[in-house]
Structures are given as C-alpha cells and as structure tokens.
*Asks:* 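One structure coming up, written as structure tokens, with questions to follow.
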Amino acid sequence: MIACSHRVHDGTYPPQKVRKRERRNEGSGESTPGNFAQALNESQIMKIKPRPGQIGRTIQPPNSAAAVTRWYPTQWERIGGKALKPLPDDAFMQPGFTTRYRPGILVHAYVAACGDISSPDFGTGLLGAARDLQMPLYKVASTKCADPRRRIDGLNRDRYGVRRQLKEGSVSDLGFNTWALQQISPNRSPLAGAPIKLEARSISVILPAGLENHQFEKRLHVAMKNASLNSWLASPAGQTHCRMLGLDPGNHQRFSDYRFGQPTRLSPSDEIYIFRPIGEDADRLLMIIETIIQQWVIGTAPRAPTNWTSRSQHAARRSGAFAHPI
C-alpha cells in the first residue's frame with residue numbers, strides 16, 4: 001500500500017495538522033518526559049554537556065527557510081570520518097604517480113538537493129526531510145554524463161529518495177522531482193598535478209585508465225558511508241538524536257523505487273549524506289576524491305568486493321587489461 005505522507009497534502013488537513021498527526025503516530029519515538037530525559041542522558045555519547053534550556057532552542061531568525069533552525073547536542077558525522085587524512089602537497093607530482101597515471105574517462109562528482117520550505121511548519125523534498133530531522137542533508141555521487149544536468153534529469157524522473165517505510169506501509173513524499181545541482185565550495189584548490197578541477201557545480205575528474213565510474217562511485221560511498229543518512233539513523237547517535245526530536249528513526253530512512261516495465265525495485269537511497277557543500281565538508285569531499293585517484297594509480301587502493309564487478313570486468317582483469325585491483 002502506498003500512502004501519502006505529511007508532505008503529500010490532499011486538502012483534508014492543513015499541513016501543520018498533518019504534521020502533528022504524524023508525530024503522534026511515531027510509536028516508540030514519541031516525545032515524552034521519560035524519553036526526553038533518556039535522550040539527555042544519552043547525549044553524553046556525543047561528548048557535549050548542554051546547559052538547561054539549550055536543547056531545541058531556536059538558532060535562526062523567525063520564519064527562516066533554513067533546514068536547521070534549532071540547536072541539538074548532536075555531533076554530525078563528517079564524511080570520511082577520523083580515518084581520512086590529507087595527502088602530501090606533492091602527491092600528484094611524485095614519480096610514483098606521474099609515471100603510472102594514464103588518463104581514462106571524464107566524470108563529475110556532484111552535490112544535489114531538492115524541495116522547498118513553504119511555511120515554518122511545512123517543507124517538501126530533501127529540504128523538508130532535513131527540516132524534520134534538523135540536520136544538513138544532500139545527495140553526493142558521480143556521473144559520467146558530459147553535462148551533469150542530464151543525471152539530474154534522471155534523478156527527477158526516478159524521484160530519488162521519495163519513499164519512506166512506515167509501520168502502516170510505504171509513503172511517497174512531495175518534492176523529490178525537483179533535484180538541482182548545488183555549488184561545491186571547498187576552502188582550497190585540488191592538489192598540484194591532480195587530474196581534478198573545480199567546476200561551477202561539480203568536481204570534474206579524469207579517472208585513471210581502468211577505473212570506471214561505477215567503481216569510482218562505489219569507492220566514494222565506502223569513504224563517506226559513515227555519514228550516510230540511512231545507516232546513521234540506525235546508529236546509537238542517530239537514535240538518540242531522533243529521540244530528542246520525538247521521532248522514530250526508522251520512519252525517516254529514505255528509499256527509491258525503480259520501475260523496469262511492470263516490476264518495481266525498492267532500493268535504499270544510501271547516497272543521501274549528512275553534508276554541507278561548503279567549507280570543511282567540501283574540503284573532505286575533495287580529499288576523498290584525491291585519495292581514491294592517488295591510491296588507485298600507485299597500487300595501494302583497497303580491493304573491491306566481487307559484487308562491484310561484472311563478468312566482463314573479471315575477464316578483462318584475467319587477461320591483464322587491469323594493472324590495479326578492481
């Protein structure tokens with residue numbers, strides 16, 4: 001059964017009332033004095049000791065359209081986590097890289113968002129989801145389309161991330177057909193010699209020969225999965241955060257349905273991340289891309305699981321076409 005969520009307004013209730021109605025039906029995540037006190041105690045895992053009255057206080061001007069409008073002691077995951085380290089400034093100028101790198105295909109790493117805020121209590125798309133959860137959310141991935149806007153057209157046709165799975169059934173939210181590219185603004189340029197360029201709304205990368213976009217995108221996700229929304233919501237930190245907001249975390253994981261004729265495949269939308277496309281997070285995205293390229297070329301890239309590769313890729317590797325681990 002496909003139901004309508006609080007963002008799929010049919011005129012029966014004002015959006016504000018629908019919102020309150022859903023909050024009352026959040027099950028075990030319903031906000032009660034006991035649950036809120038438990039969340040306060042659990043906030044110690046976030047290593048922050050909030051003063052009374054701080055939690056949930058407004059941090060934006062009235063009627064702001066920002067996604068995050070209230071303060072919570074949640075420490076957001078940063079893509080790459082603590083394991084991410086910067087490469088040496090001359091990493092792409094060293095003979096180990098320059099003598100081995102052969103240019104392959106051009107791809108674009110991109111950041112996308114969708115939705116709008118039409119009132120302080122009603123939002124659509126990923127912006128509405130971010131407002132509900134009070135956290136910054138964006139889709140981060142890559143495409144081999146020469147013009148990344150073609151990939152955005154595909155996201156809008158598929159309505160990427162449109163579904164949520166509730167106990168009552170599946171719901172489809174408004175606004176997930178309005179995806180648009182976002183500007184990516186790191187604090188620095190790519191390292192000298194890197195086959196990487198900052199574009200207006202993407203980061204273009206000339207992959208090393210033998211590394212396909214599918215593999216590059218998988219490696220991006222592995223590096224960023226600590227900040228993937230769906231998995232974070234299932235973590236102790238995600239559950240504690242949702243408890244402070246009176247939400248059931250399972251109700252806010254996102255899915256996409258892909259149609260192949262009559263059959264439909266429901267897949268987790270794991271490329272939605274806790275992320276900001278400016279400053280430190282953008283720096284980290286650039287660092288991750290640089291690390292993937294450099295490790296692949298010099299031969300230190302982790303070997304990928306076999307389910308990342310096709311039979312033809314395995315055949316090519318056996319014939320010696322690939323000099324590096326898939």
Side-chain angles (χ1 to χ4, degrees), residues 3-26 29 31 55-72 74 76 110-140 149 152-153 155-164 166 171-185 201 227-230 232-233 238 241-242 244-249 251-256 269 271-279 281-282:
C4 289
S5 76
H6 69 287
R7 296 191 198 96
V8 186
H9 179 47
D10 59 4
T12 307
Y13 302 98
Q16 294 88 339
K17 292 186 179 180
V18 181
R19 184 184 180 90
K20 293 177 182 176
R21 191 178 183 186
E22 183 187 85
R23 288 288 173 82
R24 288 200 296 268
N25 291 331
E26 288 279 2
S31 181
I55 295 180
R57 65 181 173 84
T58 300
I59 58 174
Q60 298 290 353
N63 304 104
S64 169
V68 180
T69 59
R70 300 191 303 276
W71 183 87
Y72 293 91
T74 305
W76 306 129
Y110 66 87
V111 175
C114 65
D116 200 1
I117 299 290
S118 57
S119 77
D121 296 316
F122 184 73
T124 62
L126 192 59
L127 181 55
R131 173 65 74 91
D132 288 346
L133 290 165
Q134 288 294 298
M135 58 197 306
L137 300 176
Y138 289 85
K139 184 184 189 300
V140 185
R149 290 175 296 182
I152 297 302
D153 290 342
L155 293 180
N156 287 326
R157 286 193 296 270
D158 288 331
R159 297 190 301 161
Y160 183 87
V162 69
R163 292 287 193 90
R164 292 182 294 123
L166 310 184
V171 299
S172 182
D173 292 333
L174 285 175
F176 284 86
N177 61 343
T178 61
W179 287 99
L181 293 170
Q182 307 296 301
Q183 291 186 344
I184 307 172
S185 302
R201 285 176 173 77
S228 177
L229 174 65
N230 283 352
W232 186 82
L233 286 172
H241 177 73
C242 287
M244 283 189 284
L245 275 73
L247 303 176
D248 181 341
N251 288 356
H252 294 270
Q253 292 178 317
R254 306 220 68 93
F255 300 83
S256 304
S269 300
E271 292 176 349
I272 293 174
Y273 299 94
I274 304 167
F275 183 82
R276 295 180 179 91
I278 60 173
D281 288 352

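In this chain, numbering begins with 1 at the start of the sequence shown.
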*Asks:* Give me the one residue out of D132, D248, D173 that meets salt bridge (Lys or Arg N to Asp or Glu O under 4.0 Å) with R164.
*Replies:*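 It is D173, the one option of D132, D248, D173 that forms the salt bridge (Lys or Arg N to Asp or Glu O under 4.0 Å) with R164.
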*Asks:* How long is the straight-line distance from CD of E271 back to OG of S256, given to the nearest 0.5 Å?
*Replies:*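 S256 OG to E271 CD: 9.0 Å, rounded to 0.5 Å.
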*Asks:* Rounded at 0.5 Å granularity, tell me how far CG in L166 sits from CD in Q253.
*Replies:*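 If I round to the nearest 0.5 Å, the distance is 11.0 Å.
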*Asks:* Are any of the side-chain heavy atoms of I272 and L126 separated by less than 4.5 Å?
*Replies:*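 Touching, per the 4.5 Å side-chain cut-off.
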*Asks:* Rounded to the nearest 0.5 Å, how far apart are CG of L181 and CD1 of I152?
*Replies:*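 Here the rounded value is 4.0 Å.
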*Asks:* Where is the tightest heavy-atom contact between L127 and A67, given as atom of each residue plus distance?
*Replies:* CD1-CB, 3.7 Å
*Asks:* Nearest 0.5 angstrom please: R149 CZ to L155 CG, how far?
*Replies:*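 These two atoms lie 14.5 Å from each other.
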*Asks:* Do F122 and I117 have side-chain heavy atoms sitting under 4.5 Å apart?
*Replies:*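 Side chain of F122 against side chain of I117, heavy atoms only: no contact under 4.5 Å found.
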*Asks:* Quick check: do S118 and T124 have side-chain heavy atoms less than 4.5 Å from each other?
*Replies:* no
*Asks:* Are the side chain of Q182 and the backbone N or O of A180 linked by a donor-acceptor pair below 3.5 Å?
*Replies:* yes
*Asks:* What pair of heavy atoms forms the shortest contact from G115 to T178, and how long is it?
*Replies:* N-OG1, 3.0 Å
*Asks:* Output, in order, the C-alpha distance, side-chain angles, deciding distance and verdict of side-chain contact (heavy atoms from CB on, under 4.5 Å) for Y273 and L229.
*Replies:* CA-CA 5 Å; Y273 299 94; L229 174 65; over 6 Å; no
*Asks:* Determine the minimum heavy-atom distance between T74 and M244, stating which atoms define it.
*Replies:*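 Closest approach of T74 to M244, heavy atoms only: OG1-CE, 3.7 Å.
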*Asks:* Taking side-chain contact (heavy atoms from CB on, under 4.5 Å) as the definition, give me every residue that meets it alongside P277, ordered by chain and number, with sequence neighbours left out.
*Replies:*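 If we apply the side-chain contact (heavy atoms from CB on, under 4.5 Å) test to P277, skipping adjacent residues, the hits are V111, Y138, F275.
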*Asks:* Can you tell me how far NZ of K139 sits from OH of Y160, rounded to the nearest 0.5 angstrom?
*Replies:* 5.0 Å
*Asks:* Look up atom CD1 in I278 and atom CD in Q183, then write down how far apart they are to the nearest 0.5 Å.
*Replies:* 10.5 Å
*Asks:* Indicate the atoms forming the closest heavy-atom contact of S172 with V162, along with that distance.
*Replies:* OG-CG2, 3.2 Å
*Asks:* Quick one: closest heavy-atom pair of R131 and A66, and the distance?
*Replies:*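 Closest approach of R131 to A66, heavy atoms only: NH2-O, 2.8 Å.
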*Asks:* Indicate yes or no for a side-chain donor-acceptor contact from Q134 to the backbone of T69 under 3.5 Å, with no hydrogens or angles considered.
*Replies:* yes
*Asks:* Can you name the nearest heavy-atom pair linking V68 to P136, along with the distance?
*Replies:* CG2-N, 3.8 Å
